[in-house]
Participant: 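There's a structure below that I have some questions on.
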Amino acid sequence: MIRAELTRKLESAVGALIESGVLPPAIYPIEITEPRNAQHGDFATNFALTASKSANLPPPKIAEQLSELLKSDTCFDEVTIAGPGFINLKLTEAYLAEKCNEIVDKGESFALTDSDHGLKINIEFVSVNPNGSIHVGHGRGAAYGDTLARVLEAAGNRVSREFYVNDGVNSEQMRLFALSVQAKYLELIGKPYVFPESGYRGEDVDIVAQKLRDIHGDSKAGAGIDFFQPASQDLMIESQKSDLARFGVVFDTWFSEQSLHDAGKVEDALKILEDKGVADREPYCDEIQLDPNTKERKVVRVPTEPGALWLRSTRFGDDKDRVIIRQDGRPTYIASDIAYHKDKFERGFDHLIDVWGADHHGYIGRTAAAIEAMGFDRSRFEALIIQIVRFLKGGEVQRMQKRTGESIPLRDLMDDVGVDVARWFYLMRSHETHMDFDLDLAKEHSEQNPVFYVQYAHARICSLLAKAKEQGFEPERLSETKFEQPERELIKTICDLRFEIHRAAESRQVHRLTTYAVELARQYHDFYEKCRVISPEEPIRTRARLTICEATRTALRATFSLLGVSAPERM
RNA sequence: GCCCCCGUAGCUCAGCGGAUAGAGCAACUGCCUUCUAAGCAGUGGGCCACAGGUUCGAGUCCUGUCGGGGGCGCCA
């Protein structure tokens with residue numbers, strides 16, 4: 001909120017300089033930065049340096065003119081020129097006090113932006129096949145997608161969270177899973193069974209089979225795949241839903257892949273592609289190859305077996321053409337994906353975000369190509385890749401293989417370290433970097449997790465405000481106050497939340513908010529040590545500092561709710 | 001071979017093209033008769049992988065090299 005106001009003030013000052021002929025008319029980028037050294041002031045701008053070239057004036061000259069204008073603004077205590085042409089800005093106490101009051105008045109919503117002008121965004125994430133539990137490898141995408149959705153909402157967009165269920169009846173994986181469940185079920189009721197070759201091992205199959213027996217007794221002894229496939233799928237989806245809900249992730253839509261086939265939407269989409277001439281059954285595949293000598297990219301035509309329907313995605317920037325319908329007539333996953341994205345656009349979303357695991361990065365090109373081939377603007381589609389998390393147990397990398405049952409369920413992690421620690425851990429690092437998660441260390445040191453550091457600041461404030469109330473002190477509006485440095489820094493950081501949310505939303509880097517939260521907590525702890533809050537002999541100061549505490553608590557709560565972690569009042 | 005990600009303190013990692021590169025953990029030294037010590041203050045620890053380039057200015061952008069991780073099916 002402060003930064004936005006400062007930007008406006010600078011813009012109008014620059015406008016005035018252009019008006020008076022000091023600066024030639026041009027588009028000048030305005031940037032507000034924070035000096036590393038607090039002695040330089042509260043904020044700074046490098047405007048004189050960046051504008052120097054296009055204005056054809058030396059930076060100090062511009063800085064001088066601009067600072068003269070800014071000095072007339074009552075919100076600045078000091079405007080100084082430093083170094084090669086930075087303008088350092090120091091805010092008045094009254095201005096900071098007013099900002100702090102605003103936050104206490106508005107409550108947690110102070111950081112939110114109205115959604116009137118935002119986009120309607122669909123964000124699809126997790127989308128784990130219904131043949132196993134959500135495991136710790138999926139946790140990152142779940143935490144990331146959910147928090148990104150919250151952050152985008154806070155930044156003023158309308159966001160719909162979607163889980164795409166790969167429930168196609170032709171899915172080989174689902175068929176094998178169902179056969180495994182069937183075998184396990186027959187074993188449980190003491191009937192002869194054959195466990196499918198390379199079938200699914202692991203507790204998911206056991207649990208599902210057990211549940212089916214609990215529900216149906218042995219009445220399904222003679223049932224076939226037609227029963228076991230949908231039945232085990234439904235149970236698995238319910239289990240995924242409840243694990244995710246416990247993790248704080250609730251979807252608006254669970255979208256069934258099969259529903260696209262049933263409604264004929266896959267056929268429709270393919271017909272459109274054929275009509276547009278971007279899909280055909282000619283027996284060739286175009287590929288882009290790199291000439292080893294000239295380093296030039298060229299299209300190479302490779303003959304193929306006839307019969308398949310090809311998407312000519314190479315024309316839209318993909319590496320090679322892709323099969324949509326196999327020789328045997330069965331559609332590939334690309335077919336339903338095309339229909340699915342078309343359906344999302346037709347549901348009225350301005351922007352589509354797909355959150356995918358790193359193993360899917362190769363699909364960005366073909367999906368974007370397919371979307372463009374369908375006639376949609378590819379810039380409205382965005383695939384975000386979450387890098388791999390490696391889990392270490394006893395110093396060894398844990399494999400996450402559903403079929404062998406080697407994976408660690410997310411619910412086990414929640415049992416071991418709790419939802420707050422788990423979510424925080426996933427969210428504290430950029431989604432595009434690799435992470436190693438040592439499970440032994442996480443259990444041992446879970447009380448040293450940064451999330452506790454931040455939550456502790458919140459609990460401290462709650463306790464302090466309660467104690468003050470007992471003694472008859474409540475926060476009230478700040479008026480003329482002399483701030484000490486820790487108070488100043490704290491208020492500025494609180495006011496930064498709105499800005500941080502927008503930056504996180506625009507860059508999709510939601511981990512910035514965990515960094516922000518740690519910084520806010522650090523400053524509160526610093527303030528707590530240096531500025532005694534409750535002192536009965538100084539009632540005015542006591543109330544003022546309580547107001548700062550209240551504003552801090554507000555900012556912490558707002559941040560916690562974006563990250564999906566709890567705000568404990570006691571620790 | 002091609003594609004994606006990473007390389008910053010002993011470890012795990014933050015770091016918006018700006019001023020003296022940070023945090024947590026680990027190590028060491030202090031601080032509870034006053035608001036929660038899950039805290040605070042301090043010490044040690046860095047050729048920001050390397051080499052070029054762009055820029056008034058590069059840990060940050062571009063190119064290349066080296067090293068690490070992952071991915072490249074008419075599987076989903």
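Quick note on labels: first sequence line is chain A, next is B, and so on, each numbered from 1. Predicted, not measured: the structure shown is a model, and the values here were computed from it.
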Participant: Distance under 6.0 Å and angle within 45° of the ring axis: does A/R460 meet both against A/Y528?
Facilitator: yes
Participant: On a whole-Å scale, what distance lies between the C1' atoms belonging to B/G18 and B/C13?
Facilitator: 23 Å
Participant: Does the side-chain ring of A/F86 sit on the six-membered ring of the B/A19 base, less than 5.5 Å centre to centre and under 30° in tilt?
Facilitator: yes
Participant: Do A/S535 and A/R545 have a side chain donor and acceptor closer than 3.5 Å?
Facilitator: no
Participant: Check every strand shown and say whether A/M435 touches a base, only sugar-phosphate, or nothing at a heavy-atom separation below 4.0 Å.
Facilitator: sugar-phosphate
Participant: Which base, if any, makes a Watson-Crick or G-U wobble pair with B/G46, both distances under 3.5 Å?
Facilitator: none
Participant: Go nucleotide by nucleotide along RNA chain B from the 5' end; which of A/C531 and A/N46 gets its closest nucleotide reached first?
Facilitator: A/N46
Participant: Mind checking if A/E569 touches a base, just sugar-phosphate, or nothing, with heavy atoms under 4.0 Å?
Facilitator: base
Participant: Using heavy atoms to find the nearest nucleotide of RNA chain B for A/D321 and A/I32 separately, return the residue whose nucleotide is more 5′.
Facilitator: A/I32
Participant: With distance as the sole criterion, do the side chain of A/D526 and the base of B/A41 form a donor-acceptor contact below 3.5 Å?
Facilitator: no
Participant: Tell me whether the OP1 or OP2 atom of B/C75 has a side-chain N or O from A/R326 closer than 4.0 Å.
Facilitator: yes
Participant: Please list each protein N or O that sits under 3.5 Å from an N or O in nucleotides 5-10 of chain B, with the distance.
Facilitator:
residue	atom	partner	partner atom	Å
B/C5	O4'	A/Q387	NE2	3.3
B/C5	O3'	A/E432	O	3.1
B/C5	O2'	A/E432	O	2.5
B/C5	O2	A/H434	NE2	2.9

Participant: When all nucleic acid strands are considered with a 4.0 Å heavy-atom cut-off, which category describes A/R3: base, sugar-phosphate, or nothing?
Facilitator: base
Participant: So A/E305, base contact, sugar-phosphate only, or nothing? Heavy-atom distance under 4.0 Å.
Facilitator: base
Participant: Using atom types as modelled, flag every donor-acceptor pair under 3.5 Å from a side chain in residues 511-518 of chain A to any protein atom, sequence neighbours excluded.
Facilitator:
residue	atom	partner	partner atom	Å
A/H511	ND1	A/Q509	OE1	3.4
A/T514	OG1	A/H511	O	2.7
A/T515	OG1	A/H511	O	3.4
A/Y516	OH	A/T493	O	2.8

Participant: Remember a base hit wins even if backbone is also touched, and classify A/S430 as base, sugar-phosphate or nothing at under 4.0 Å, heavy atoms.
Facilitator: sugar-phosphate
Participant: If you look at every strand shown and take non-hydrogen atoms under 4.0 Å, does A/A468 touch a base, only sugar-phosphate, or nothing?
Facilitator: nothing
Participant: Just checking A/R570: base, sugar-phosphate only, or nothing, at a heavy-atom cut-off of under 4.0 Å?
Facilitator: base
Participant: So, does the side chain of A/H361 form a donor-acceptor pair with the base of B/C3 at under 3.5 Å?
Facilitator: yes
Participant: Is there a donor-acceptor contact under 3.5 Å linking the side chains of A/N170 and A/H261?
Facilitator: no
Participant: Does A/D318 reach a base, just sugar-phosphate, or nothing at all? Heavy atoms under 4.0 Å.
Facilitator: nothing
Participant: Compare side-chain N and O positions of A/T515 against OP1 and OP2 of B/A14 and report whether any pair is under 4.0 Å apart.
Facilitator: no
Participant: Among side-chain atoms of A/Q229 and A/Q233, is any donor-acceptor pair under 3.5 angstrom?
Facilitator: no
Participant: Quantified in whole Å, what is the C1' atom distance between nucleotide B/C40 and nucleotide B/U34?
Facilitator: 16 Å
Participant: My understanding is that a pair needs two contacts under 3.5 Å, Watson-Crick or G-U wobble. By that rule, which nucleotide pairs with B/G39?
Facilitator: B/C31
Participant: Answer syn or anti for B/C16, where the cut-off is 90° from 0 on the glycosidic torsion.
Facilitator: anti
Participant: Regarding A/I385, tell me which of base, sugar-phosphate or nothing describes its non-hydrogen contacts under 4.0 Å with the strands shown.
Facilitator: nothing
Participant: Touch check for A/Y453, heavy atoms < 4.0 angstrom, all strands: base, sugar-phosphate only, or nothing?
Facilitator: sugar-phosphate
Participant: Quick one: is B/C4 close enough that its OP1 or OP2 comes under 4.0 Å of any side-chain N or O from A/H360?
Facilitator: no
Participant: Report the relative orientation of the aromatic rings in A/H431 and A/Y144; use parallel for angles under 30°, tilted for 30 to 60°, perpendicular for over 60°.
Facilitator: tilted
Participant: Does A/R512 reach a base, just sugar-phosphate, or nothing at all? Heavy atoms under 4.0 Å.
Facilitator: sugar-phosphate
